[in-house]
Amino acid sequence: MTGSGPILTAEGLGHDFGRRMAFTAVDLALWPGEVLGIVGESGAGKTTLLRGLSAQLTPCRGRVLYGDRQGRQIDLYAQSEAERRLLLRTDWGIVHQNAADGLRMNVSAGGNVGERLMAVGERHYGQIRARAADWLARVDLDVGRLDELPSSFSGGMQQRLQIARTLVTAPRLVFMDEPTGGLDVSVQARLLDLLRRLVGQYGLAAVVVTHDLHVVRLLAHRLMVMKGGLVVESGLTDQVLDDPQHPYTQLLVSSVL
Amino acid sequence: MYVALKGGEQAIDNAHAWLAEERRGDPSVPALSATQIAGQLGLAVDRVMAEGALHDRELAALAIRQARGDLIEAIFLVRAYRTTLPRFGTAQPVDTAAMALQRRVSATFKDIPGGQILGPTFDYTHRLLDFAAAADPSPAPRAAEPLPAAMPRVLDLMGAEGLIETPPAAAGDAVADLTREPLDFPAGRDLRLQALARGDEGFLLALGYSTQRGYGSTHPFAGEIRIGTVAVEFVPPELGFAVALGDIDLTECEMVNQFKGSAMAPPQFTRGYGLVFGHGERKAMAMALVDRALRAAELGETVKGPAQDVEFVLSHCDNVQATGFVEHLKLPHYVDFQSELELVRRLRRAAAATLAAEREAAE
Amino acid sequence: MTGADYNFAYLDEQTKRMIRRAILKAVAIPGYQVPFAAREMPLPYGWGTGGIQVTAAVIGPDDVLKVIDQGADDTTNAVSIRRFFRRMAGVATTEHTAEATIIQTRHRIPETPLAAGQILVYQVPIPEPLRWLEPRDTETRRMHALRDYGAMQVNLYEDIARHGAIAKSYDYPVLVNGHYIMSPSPIPKFDNPKMDRSPALQLFGAGRERRIYAVPPHTPVRSLDFDDYPFTVQRWDECCALCGATDSFLDEMIMDDRGSRLFICSDSDYCRGRQGAGEAAE
């Protein structure tokens, strides 16, 4: 059922804000079931790149291809906005750093998870609710809080709710922007553990942007290191972290250790 | 029975007759003429002309009398008349630099070519109720002061130095008209200015004030306020040259606002513009503040105050719309309310049943 | 105010043509809100300026007009609008649903089924069904264009989660022709089924909000719901105290200061017709 090609391809991707270059000359290929980490300091262009890859920002240069379930390679920005939005509701998911950006804070936990199901045409209240409850359990949230508002949840719980909302429609590709940012260290560890489990369990392909090397060490198969809008090094995660070639990567790795 | 009280012709006729009686007041007191209103309640007339968007003193005065002095009601009357008038074209842009001035002040420069002219202003009066004037309102004659025929606008003087943005040359361009085309967003500046010029003085005043209190600061200076008379000209297509249609009274305010510059533009002063029919300085100033605040997005500033929100301001500045919809709440809503009654009762029954079941289970 | 000083039906012919163009577009795209340059009317915004403009644009000298508010012909606003058209257009007016060619309404659909050739003109205060989910027009327009209606369904989900039922009793959103979500104007949901595949032309005018939309004859109109929580309408335990109807929308009257209640048909013409028929049968 999955095609033979990559699930996501970027070719010569670049974007500028006015005269300032955000990122440029990015080439990448992500394969089904693979997790790609993008690391670098803030301002390196990694969040903008993620937005460019995930249909949230039309890049100035290059193109992005999505390999769909039928094995077709779809040029993302040659699609209509309606088609891109449909993709974002079905095959793709986005986990935002700030859970409030990915949740409706005035809608119950069940409604938040159920919305993606309703957006693709689910019309049976009981079934929607059952699936929402099931997903709350899968992300280790108390099912008894199905009707509570996310605003009554802690930061870590909100993030897990956002993950449940994203995964309920069984996406094939997930984009995550600093998924553990702003959380306590112990909460971060639990969340990372959960993410690793879910990614493995459902065979998700993912692009994870972070400045935290622990996150990619745990989650990512491959790594891209960005500096000043350029990819300065890429390779297998262990290889890049244990034997960094570029001076900037060496600095990044040594500053953590 | 009660049902007969649902409404009806007779009730409306009686209400109208009573209204006419109230409007006239004590019949032993002479009736006000529209001429008296036009002559002696000039600023009320000006406001009705401005927000009624129709420059006609006699009609505005008539409307004020018919509305028993309720200015929004008078504006409503004028608008409902105005909307039926045929349009035969668009006038030439008026030249406010050639205005026959009654008043002209600038807060940015102490001395300006042509000088500052206070004119007939409340500024600097002591706000003491004048009991003597109640007995005899005839004023002492004023000293006549000769005024120069035309004075350059203060901001044009600044423009020569490049310190202030040049306004886009609008001559010849078609301008938007929200009374002919539906108000649509995003709204261009021409449409915004038209909406503000017709907008409610009190609403714009509060919005302008809010920008001065941190809700979307614009760092304003009153570059110039001028009040006076300008000629309106029109080019009939069959003639091909401009003919004068008449004179109108205008109040113009140009605000000068600080601007720190952006990726696209160097630091310079920017403009906020206010223009209203008649003598309406408060409105013109508020309009200029709000106009500048509404340019926040265009100038790359963070939109954080209501006065900077184009949809919010334009959707709510029209007092005829606002008063109609607020006051429509007094129309009957019993069908909707009946539906709510039924719903609340049903929900209460369901809640009571649940509670009873729980109690039973607990026992 | 006399009609002689104004054009037939108040509006000038150019304005009528503009409104008719908007209506034609609305009919061509059922449920889609067509922007139009609403004129200022001599009646206040919120009192039916949209409906009046639509009626003024479609009415002709041979039309027979019925105006109702809350289902009744004798409510003050209905009287006022009927008078306006009598004065400005000189047309015949009626209180009988079956005799009318144009029915302008606020908040109700008549109980008597409408027929082909009739036009029902609704007065609409807030035409945007997504307004309470999203205040910005630019965003709601995009939501309609992309049929991004998940948020609307979530709203209904939340009602059931919180109240055990969809807690919307009027202005109940509908899906028109399987495409656009539409506000039926604040009619009680009791009336929603009457919109579905009606042989009459249904036109909606919102003056202050400058929108016209339409449901052409025989168009499917479905009230939003869930498979396991289907749409239902209100029912009363009582029947009409005047005509004995059990199938009509009933208004509740408080009869005295002890709070005695009486239930009476909201549709005054329907009620009178039934009373007349009852007497004739005796």
Side-chain angles (χ1 to χ4, degrees), chain B residues 1-4 6-9 11-12 15 52-53 73 76-87 177-186 309 311-312 315 318 320-329 331-344 346-347 350-351 354, chain C residues 6-7 10-12 14 35-47 49 69-72 74-80 83 106-108 125 135-138 163-165 167-171 186-190 208 210-211 234 236 242 249-255 262 264 266 268:
Chain B
M1 69 187 296
Y2 188 92
V3 181
K6 233 176 165 182
E9 312 254 342
I12 288 187
E73 182 69 23
F76 186 0
L77 288 167
V78 168
R79 289 266 192 96
Y81 176 75
R82 173 197 193 273
T83 194
T84 67
L85 298 176
R87 308 288 202 275
D177 182 353
L178 60 83
T179 69
R180 298 287 112 175
E181 293 294 328
L183 179 56
D184 207 352
F185 300 106
D309 185 331
E311 282 206 27
F312 179 80
S315 298
D318 191 285
V320 178
Q321 291 179 358
T323 198
F325 200 53
V326 166
E327 293 195 60
H328 107 287
L329 290 174
L331 289 179
H333 284 78
Y334 22 80
V335 165
D336 296 344
F337 188 70
Q338 182 64 50
S339 306
E340 292 286 70
L341 265 182
E342 188 273 335
L343 174 69
V344 170
R346 192 158 44 72
L347 293 178
T354 314
Chain C
Y6 290 87
N7 191 30
Y10 179 75
L11 294 174
D12 58 279
Q14 259 183 317
F36 83 111
R39 300 295 193 245
E40 271 148 341
M41 301 299 287
L43 281 84
Y45 287 111
W47 302 54
T49 52
D69 187 350
Q70 314 293 306
D74 62 350
T75 35
T76 44
N77 202 46
V79 170
S80 158
R83 272 191 183 186
R106 177 169 173 266
H107 296 197
R108 273 312 308 273
R136 283 171 192 286
D137 228 42
T138 34
H163 308 294
K168 219 161 169 29
S169 58
Y170 65 92
D171 206 356
I187 58 171
K189 68 175 183 175
F190 180 88
R208 192 180 39 83
R210 308 170 296 278
R211 294 289 184 277
Q234 296 103 318
W236 283 260
L242 297 179
F249 191 96
L250 299 179
D251 280 344
E252 189 170 328
M253 309 279 163
I254 301 175
M255 300 307 291
L262 199 61
I264 288 167
S266 136
S268 51

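Side chains are part of it too, since the values below use all heavy atoms of this structure and drop only hydrogens, waters and symmetry mates. Chain letters run A, B, ... following the sequence lines, proteins first, then strands; residues in each count from 1.
C:Ala72 approaches C:Ala78 most closely through the heavy-atom pair O-CB, 3.9 Å. What you find for B:Ser315 and B:Phe185 is that their closest heavy atoms are OG-CZ, 3.7 Å. Closest of all the heavy-atom pairs between B:Gln338 and C:Trp236 is NE2-NE1, 3.7 Å. Minimum heavy-atom separation, C:Gln70 to B:Val335: OE1-N, 2.9 Å.
Comparing C:Asp12, C:Thr138, C:Thr49, C:Ile187 by how many heavy-atom pairs each has under 4.5 Å with chain B, the most go to C:Thr138. Among the candidates B:Leu343, B:Leu331, B:Leu329, B:Ile12, the residue making the largest number of heavy-atom pairs closer than 4.5 Å to chain C is B:Leu331. Interface remark: of the candidates B:Glu342, B:His333, B:Arg346, B:His333 forms the most heavy-atom pairs closer than 4.5 Å to chain C. For the set C:Lys168, C:Arg210, C:Arg108, the count of heavy-atom pairs under 4.5 angstrom toward chain B peaks at C:Arg210. No other option in B:Ala80, B:Pro182, B:Ala351 has as many heavy-atom pairs under 4.5 Å with chain C as B:Pro182. The most heavy-atom pairs under 4.5 Å with chain B, out of C:Gln234, C:Arg208, C:His107, come from C:Arg208. Per-residue heavy-atom pair counts under 4.5 Å with chain B were compared for C:Tyr10, C:Phe36, C:Tyr170, and the maximum is reached by C:Tyr170. When each of B:Arg180, B:Glu327, B:Glu181, B:Glu340 is checked for heavy-atom pairs under 4.5 Å with chain C, B:Arg180 comes out on top. Per-residue counts of heavy-atom pairs under 4.5 Å with chain B were compared for C:Gln14, C:Arg83, C:Arg211, C:His163; the largest is that of C:Arg83. Of all the listed residues (B:Asp177, B:Thr84, B:Leu183), the one sharing the greatest number of non-hydrogen pairs under 4.5 Å with chain C is B:Leu183.
Proximity to chain B is limited to the backbone of C:Leu43, based on heavy atoms less than 4.5 angstrom apart. Contacts of C:Ala167 with chain B are made by both backbone and side-chain atoms, with heavy-atom separations under 4.5 Å. Only the side chain of C:Phe249 comes within contact range of chain B, with heavy atoms under 4.5 Å apart.
For the atom pair OG1 (B:Thr323) and CD (B:Glu73), the distance works out to 8.0 Å, reported to the nearest 0.5 Å.
The backbone N or O of B:Arg82 sits nowhere less than 3.5 Å from a side-chain atom of C:Glu40 that would complete a donor-acceptor pair. A distance-only check finds a donor-acceptor pair linking the side chain of B:Arg87 to the backbone of B:Leu85 [under 3.5 Å]. Proximity of a side-chain donor or acceptor of B:Thr83 to a complementary backbone N or O of B:Arg79 within less than 3.5 Å is not detected.
Within 6.0 Å of OH in B:Tyr81 there are 12 or fewer heavy atoms belonging to other residues, nucleotides or ligands.
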